[in-house]
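Note that the structure is predicted; figures quoted are calculated from it, not measured.
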Amino acid sequence: MTLSELAKITEIEKVCIHSLESNLYQLSIISEGEEHYITDQKGVFVTSHNKLDLQKIFTNKQVDKMVLCHQSAYDEMVGQPVGGTNILEVPLGDPFKQ
């Protein structure tokens, strides 16, 4: 989903800010039960080194839930099968609401 398509949506079930590596975040949303990764007009995934920049995109939208998602490499480090769903979701508040 592109940023311009996202701009047309007013209600979002869940915003996921994916922690990829040290201070690099990627954005996806869940709308109508489907997950959509957000891209720019050229098809490049929207990323930022500041999660607040990504949260700011949703200032004027109804968001039911916003989370920071982190996939742990722990299973791989201890010899468990790779590709499991070892995702930690941390709820985020809205830093722009007063």
Side-chain angles (χ1 to χ4, degrees):
M1 176 180 289
T2 64
L3 282 168
S4 59
E5 293 171 327
L6 177 61
K8 297 174 187 174
I9 298 174
T10 55
E11 294 183 24
I12 299 168
E13 295 166 36
K14 185 175 178 183
V15 172
C16 301
I17 298 175
H18 301 272
S19 176
L20 301 179
E21 57 185 55
S22 180
N23 283 344
L24 182 62
Y25 303 98
Q26 186 176 33
L27 186 61
S28 73
I29 66 162
I30 296 178
S31 179
E32 297 179 8
E34 267 188 64
E35 184 170 26
H36 303 275
Y37 280 82
I38 308 303
T39 65
D40 63 14
Q41 295 309 109
K42 296 179 181 178
V44 177
F45 289 114
V46 172
T47 60
S48 177
H49 290 284
N50 184 343
K51 68 179 177 55
L52 290 174
D53 289 342
L54 298 176
Q55 287 178 282
K56 201 178 293 187
I57 293 170
F58 302 94
T59 302
N60 296 320
K61 298 189 179 302
Q62 172 62 42
V63 175
D64 295 337
K65 188 176 185 182
M66 188 175 292
V67 296
L68 177 67
C69 299
H70 176 74
Q71 188 164 5
S72 173
Y74 177 78
D75 286 345
E76 183 179 341
M77 291 187 300
V78 297
Q80 296 296 315
V82 179
T85 56
N86 189 359
I87 297 175
L88 172 67
E89 288 190 357
V90 179
L92 295 174
D94 186 347
F96 304 106
K97 275 192 178 173
Q98 294 183 14

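Grouping the Ile, Leu, Val, Met, Phe, Trp and Tyr side chains by contacts below 4.5 angstrom, directly or via other members, places I57 apart from I30. Linking Ile, Leu, Val, Met, Phe, Trp and Tyr residues whenever their side-chain heavy atoms come within less than 4.5 Å leaves V44 and L3 in two separate clusters.
A pairwise comparison of heavy atoms in S19 and Y25 identifies CA-CD2, 3.9 Å as the closest pair.
L20 meets the side-chain contact (heavy atoms from CB on, under 4.5 Å) test with H18, L24, Q26; sequence neighbours excluded. Residues meeting the side-chain contact (heavy atoms from CB on, under 4.5 Å) test with T2, sequence neighbours left out: S4, E5, T39, Q41. In terms of the side-chain contact (heavy atoms from CB on, under 4.5 Å) criterion, residue partners of E34 (sequence neighbours excluded) are, by chain and number, H36.
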Name the atoms and distances for all side-chain donor-acceptor pairs under 3.5 Å in residues 8-17, with sequence neighbours left out.
unit_1: E13; atom_1: OE2; unit_2: E32; atom_2: N; d: 2.6
unit_1: E13; atom_1: OE2; unit_2: G33; atom_2: N; d: 3.0
unit_1: K14; atom_1: NZ; unit_2: E89; atom_2: OE1; d: 3.0
unit_1: K14; atom_1: NZ; unit_2: E89; atom_2: OE2; d: 3.0

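Within the 4.5 Å cutoff, side-chain heavy atoms of I29 are placed close to those of F58.
Taking Ile, Leu, Val, Met, Phe, Trp and Tyr as hydrophobic and joining them when side-chain heavy atoms fall under 4.5 Å apart, one finds V67 isolated, its cluster having no other members.
Note that OG1 of T47 and CG of L27 are 10.0 Å apart. Values are rounded to the nearest 0.5 Å. L6 CG to I38 CD1: the interatomic distance, rounded to the nearest 0.5 Å, is 4.5 Å.
A 6.0 Å sphere centred on CG of N60 holds no more than 12 heavy atoms belonging to other residues, nucleotides or ligands.
Using a distance-only test at 3.5 Å, with no hydrogens or angles considered, no donor-acceptor pair links the side chain of K65 to the main chain of L92.
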